[in-house]
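The figures here come from the full heavy-atom set of this structure, side chains too, leaving out hydrogens, waters and symmetry mates.
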Amino acid sequence: MVAFAFAGLVAFSGTSQAAAQGPCDIYAAGGTPCVAAHSTTRALFASYNGPLYQVQRASDGAVHDVGVVSAGGVANAAAQDSFCAGTTCTITRVYDQTGGGNTLVYQGPGGTGGADTAATATTEAIGVGGQKAYALYINPGNSYFAYNSSGGVPTGSSPEGEYMVTSGTHVNNGCCFDYGNTEIDHLADGNGAMDAINFGTECWFGGCSGTGPWVQADLENGLFSGGTKTWNPNQVSQTSRFVTAMLKNNGTTQMALKGANAQSGSLTQLYSGALPSGWPMRKQGAVILGSGGDCCQTNRNASAGTFYEGAMVKGYPSDATDAAVQANIAAAGYSTGTTSPFTPGAKVSLQATTSCCTGDYLQHDSSDDKVVIAPVTSSSSTTDKGNATWVVRAGLADSNCVSFESANASGRYLRHYAFQLHLQPDDGSSQFAADATFCSKPGNSGTGYSLQSFNYPAKYIRHYRFTGYVASNGGTNAWDTTASWAQDTSWLAAAPWS
């Protein structure tokens, strides 16, 4: 099987470039350097060029580190798609980008030990700057933990700041969707043993106003909306699709909570004032994500939430630093979708995702007009590479869809005839236009894209016994078999071979 590390680059216009700075560069410039930095979506340092997270395949237990497209850039989602094609994957760890060794590992058998499991890797695909990335989508029973005694995470009453980007649309009132400082022993070790951001709809002390979700402080034995057990009237429900949540604590006298729409706008000061009475800070220096501190060795996490990125810093960040980090997050361009790889004029190669055939691409024969799947590698001939490359055109029958012209046979298009795929010249007829038009949809298997026939909308481009068809999920034709239909009709939009 050939690794296609560059496979996602075609999906987006322009050249991927390193960020001018990331949140951790901003924190460092403010005198509060990151001591832990985690993300499944992007690098948090402009120079970071290492792995973001690890995925594990269900089919064979193999693992793969997902890095960035370029230094300081967005996650290489195409590498995950290729590795996980034809099976399911989970996110088993989220690497610490600081190099301090505070890498988050799932709290379950095969992870850090415990009762939880790793989160599914493909539940939510989003856009970051127009490029595809995946969220760490935590459901009850998923959680992550890190502890490194030399990792530099503040302990005792040392000052600390932290932020995370999460979602206001995937929450619950279970305990406790946290990111931040926690106990090293997975036990509730008393007031002040934690210093973590909490995000959810849980109302710990009662009297809450509104429906949430809220940015609160988990200081162990309580979620605080402000400096007391009484509800803080300045709290605001954070219901945006993407949310910035911030907490900072000077360790002795003061803490602050802030929230914002992560796509635009400035931070809202939710609380700034005294620490709760009776909660002395005695942080232990482990890192939690997705659960409370007394989890999850003999119990399971009850919370739900989404994690895109976050960092913990040494020291008490200034308001100016907080504002600059929020501006950087907004400029990153979080969105619910990505730029389509099927933009008219673009070139693309269509890579199979079924586990048998991930090195195969949709291509036309040189000897006849049949369309098949077959391997293509860097050592393939120029002709074979061209036969596996398609020029995207506005749909001949509907400009909202697309047609595929051969990159090395100008004027000849991919079309179906008697439900088999052929490469034929455009004869100008309405029948040809309809047969040669396909509409891009999210992959039927949850991976990549599926290409729906314009004039037979129940049928999608499929490979069956290495030949191309348009096929429905069940039917009278052999190629309509339901076995592997979802995988056989899902394609990666890979970098063009020619």
Side-chain angles (χ1 to χ4, degrees), residues 18-39 41-50 52 68 71-73 95-102 128-129 151-166 179-181 195-197 199 215 217 238 242-275 281 283 285 287 289 307-334:
Q21 60 180 183
C24 285
D25 300 307
I26 295 168
Y27 278 122
T32 52
C34 289
V35 293
H38 305 99
S39 178
T41 62
R42 65 171 183 146
L44 302 182
F45 293 86
S47 61
Y48 188 74
N49 199 25
L52 297 180
V68 290
Y95 290 102
D96 177 11
Q97 298 179 31
T98 70
N102 296 302
V128 181
V153 176
T155 58
S157 60
S158 298
E160 177 180 70
E162 53 204 22
Y163 86 94
M164 70 171 166
V165 178
T166 182
Y179 174 66
N181 204 313
D195 184 17
I197 301 169
F199 191 72
V215 179
Q238 305 289 329
F242 300 95
V243 173
T244 303
M246 285 186 179
L247 167 66
K248 55 186 180 181
N249 184 324
N250 74 359
T252 55
T253 61
Q254 185 176 3
M255 75 171 190
L257 291 164
K258 298 180 181 183
N261 183 333
Q263 292 180 290
S264 63
S266 57
L267 291 160
T268 297
Q269 183 81 65
L270 304 171
Y271 176 76
S272 180
L275 284 165
M281 285 295 100
K283 299 185 278 282
V287 185
L289 173 58
F307 182 83
Y308 304 109
E309 65 176 76
M312 303 168 64
V313 307
K314 180 172 64 176
Y316 193 82
S318 68
D319 289 341
T321 297
D322 293 341
V325 169
Q326 164 61 10
N328 181 275
I329 293 166
Y334 277 97

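The structure places CD1 of Ile197 at 12.0 Å from NZ of Lys248, a figure rounded to the nearest 0.5 Å. Distance OG/Ser266 to NZ/Lys258: 10.0 Å, rounded to 0.5 Å. Taking OG1 from Thr166 and OH from Tyr308, the interatomic distance works out to 7.0 Å, rounded to the nearest 0.5 Å. Remark: Tyr316 OH to Asp319 CG distance equals 7.5 Å, nearest 0.5 Å. Tyr95 contributes atom OH, which lies 8.5 Å from atom OH of Tyr48 (distance to the nearest 0.5 angstrom). Taken from NE2 in His38 to CG in Leu52, the straight-line distance is 11.5 Å, to the nearest 0.5 Å.
When every heavy atom of Ala262 is checked against every heavy atom of Gln326, the shortest pair comes out as CA-NE2, 4.3 Å. Residues Val287 and Tyr179 share a closest heavy-atom pair of CG1-CE1, 4.2 Å. Taking both residues in full, the closest heavy atoms of Ala71 and Asn49 are given as N-OD1, 3.5 Å, listed atom of the first, atom of the second, then distance. Taking both residues in full, the closest heavy atoms of Gln263 and Asn261 are given as N-OD1, 2.8 Å, listed atom of the first, atom of the second, then distance. Annotation for Val35 and Thr98: closest pair O-OG1, 3.5 Å, computed over non-hydrogen atoms. Looking at every heavy atom in both residues, Phe45 comes nearest to Cys34 through CZ-CB, 4.3 Å.
No donor-acceptor distance shorter than 3.5 angstrom exists from the side chain of Gln21 to the backbone of Ile26, with no hydrogens or angles considered. Although no hydrogens or angles enter the test, the distance criterion places a donor-acceptor pair under 3.5 Å between the side chain of Asn250 and the main chain of Gln254. Remark: side-chain polar atoms of Asp25 are paired, donor with acceptor, to backbone N or O of Ala46 under 3.5 angstrom. The backbone N or O of Val243 lies less than 3.5 Å from no partner atom in the side chain of Gln238, so there is not a single donor-acceptor pair. Between the side chain of Thr32 and the backbone N or O of Lys314 there is no donor-acceptor pair closer than 3.5 Å.
Inspection of the Tyr334 and Thr41 side chains reveals an N or O donor paired with an N or O acceptor under 3.5 Å.
When Leu270, Asp195, Val215 are each tested for a side-chain contact (heavy atoms from CB on, under 4.5 Å) with Leu247, only one passes: Asp195. Among Leu44, Val313, Asn328, the single residue meeting the side-chain contact (heavy atoms from CB on, under 4.5 Å) criterion with Cys24 is Leu44.
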Under the side-chain contact (heavy atoms from CB on, under 4.5 Å) rule, what do Arg42 and Ile329 come out as? Steps first, then yes or no, please.
CA-CA 11 Å; Arg42 65 171 183 146; Ile329 293 166; 3.9 Å; yes
side-chain contact (heavy atoms from CB on, under 4.5 Å) assessment of Asn102 paired with Met312
CA-CA 10 Å; Asn102 296 302; Met312 303 168 64; over 6 Å; no
List the atom pairs, with distances to 0.1 Å, where a side-chain N or O of residues 151-160 and a protein N or O form a donor-acceptor pair under 3.5 Å, not counting sequence neighbours.
from, atom 1, to, atom 2, distance (Å)
Ser158, OG, Thr155, O, 3.0
Glu160, OE2, Asn181, ND2, 3.0

